[in-house]
There are 2 protein chains.
Amino acid sequence: MKEKKEYTISELAKEFDISPRTIRYYEEIGLLSPKRTKGNQRIFSRKDRARLKLILRGKRLGFSLEEIREMVEMYEVSEPEQIRVTLKYGDKRLKEIEERIQELEMLKEDLLAIRERLIERLKELEGKEGKKEK
Amino acid sequence: MKEKKEYTISELAKEFDISPRTIRYYEEIGLLSPKRTKGNQRIFSRKDRARLKLILRGKRLGFSLEEIREMVEMYEVSEPEQIRVTLKYGDKRLKEIEERIQELEMLKEDLLAIRERLIERLKELEGKEGKKEK
DNA sequence: AAATAAGTTAACGTTTACGTAAACGTTAAT
DNA sequence: ATTAACGTTTACGTAAACGTTAACTTATTT
């Protein structure tokens, strides 16, 4: 059992390569709610860590912290009416995500096409102009 | 032949559901370079329009305008050395895009898992509590 | 040609997501 | 018991990506 169950703010900051300020900011806007020691220092549970990980994934994908909040909060709804609302919202998000994957595939195709053209162009140029020595 | 070849700023703004200000801003930072009429008003060619489309796709995908600039500029390199640099850069971008697709798939799985759990939970609650009429 | 609509630049305002610094308390190491 | 090293709050600063308003010019409509 190598898994730690508690983390300090700088441990998490280092692990995820972000600043402590960023983590504090996420708490400030209610994205994280770590416990505190008697000395008032933050202690992050494994759940907190998992949540942070999710937040950062969302960020890499270009979601705003508001959008991320809406997604991570899906984990803790409990009232039936809220569950129904959340399900609807979640389905919308899922569609968006699928669209996004599609758009990324298109972008990928575009870049691949450019790549081909550049390689062609380069061949021509090198052919015409003779080799420049390294 | 239904295709227009020139557009005004508000036509494009309407078509893509953005503000004219946004388009002007993109010109301001050099992402677009429309021609002008004698009266100094912007006229956008089909190329300009295509470019704007690309920019907006990049935005939806969460890229910064700087990143987008680097990508759209790949279209117009011509010097051999620049082509080589661009190719390297493009390959990096392609890898990033593939990673991004992976992460989106993961996010999708997460959301699907939450969805399942919510549906289960809802079934339980509705079962226990009897049906509330609409 | 007069009015209305659309476009222009310039400049200041706003939101998001933190960075940075000050001033101070807590924990760990020597 | 002192230092470091690390942590805390408060508050002001900042970059990106526009929004908003003003003051003015150009196009279009009637």
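To find a chain, count down the sequence lines: A is the first, B the second, and so on, and within it residues start at 1.
- Checked options E103(A), E96(A), E99(A); the residue passing with R60(B) is E103(A) (criterion: salt bridge (Lys or Arg N to Asp or Glu O under 4.0 Å)).
- Taking 4.0 Å as the cut-off between side-chain N and carboxylate O, E81(B) and R84(B) count as a salt-bridged pair.
- In this structure, the nucleotide among dT8(D), dG19(C), dG7(C) sitting nearest to the side chain of Q41(B) is dG7(C).
- Phosphate proximity of dA16(D) to R69(B): absent, as no side-chain N or O sits under 4.0 Å from OP1 or OP2.
- Hydrophobic clustering of Ile, Leu, Val, Met, Phe, Trp and Tyr side chains at less than 4.5 Å, counting indirect connections, unites L112(B) with L122(B).
- For DNA chain D, the neighbouring residues in residues 24-36 of chain A, judged by any heavy atom under 4.0 Å, are R24(A), R36(A).
- We find that D48(B) and K35(B) are not joined by a salt bridge, their nearest charged nitrogen and carboxylate oxygen being 4.0 Å or further apart.
- Across residues 49-68 of chain A, not one residue has a non-hydrogen atom less than 4.0 Å from an atom of DNA chain D.
- Where R21(B) and T8(B) meet DNA chain C, the nucleotide closest to each residue was compared, and T8(B) sits on the side nearer the 5' end.
- Y7(A) does not carry R46(A) over the face of its six-membered ring by the limits of under 6.0 Å from the centre and within 45° of the normal.
- For I9(A), whose side chain is taken as the heavy atoms from C-beta onward, the closest listed nucleotide among dG7(C), dC18(D), dG7(D) is dG7(D).
- Side chains of Y25(A) and R21(A): no donor on one and acceptor on the other come within 3.5 Å.
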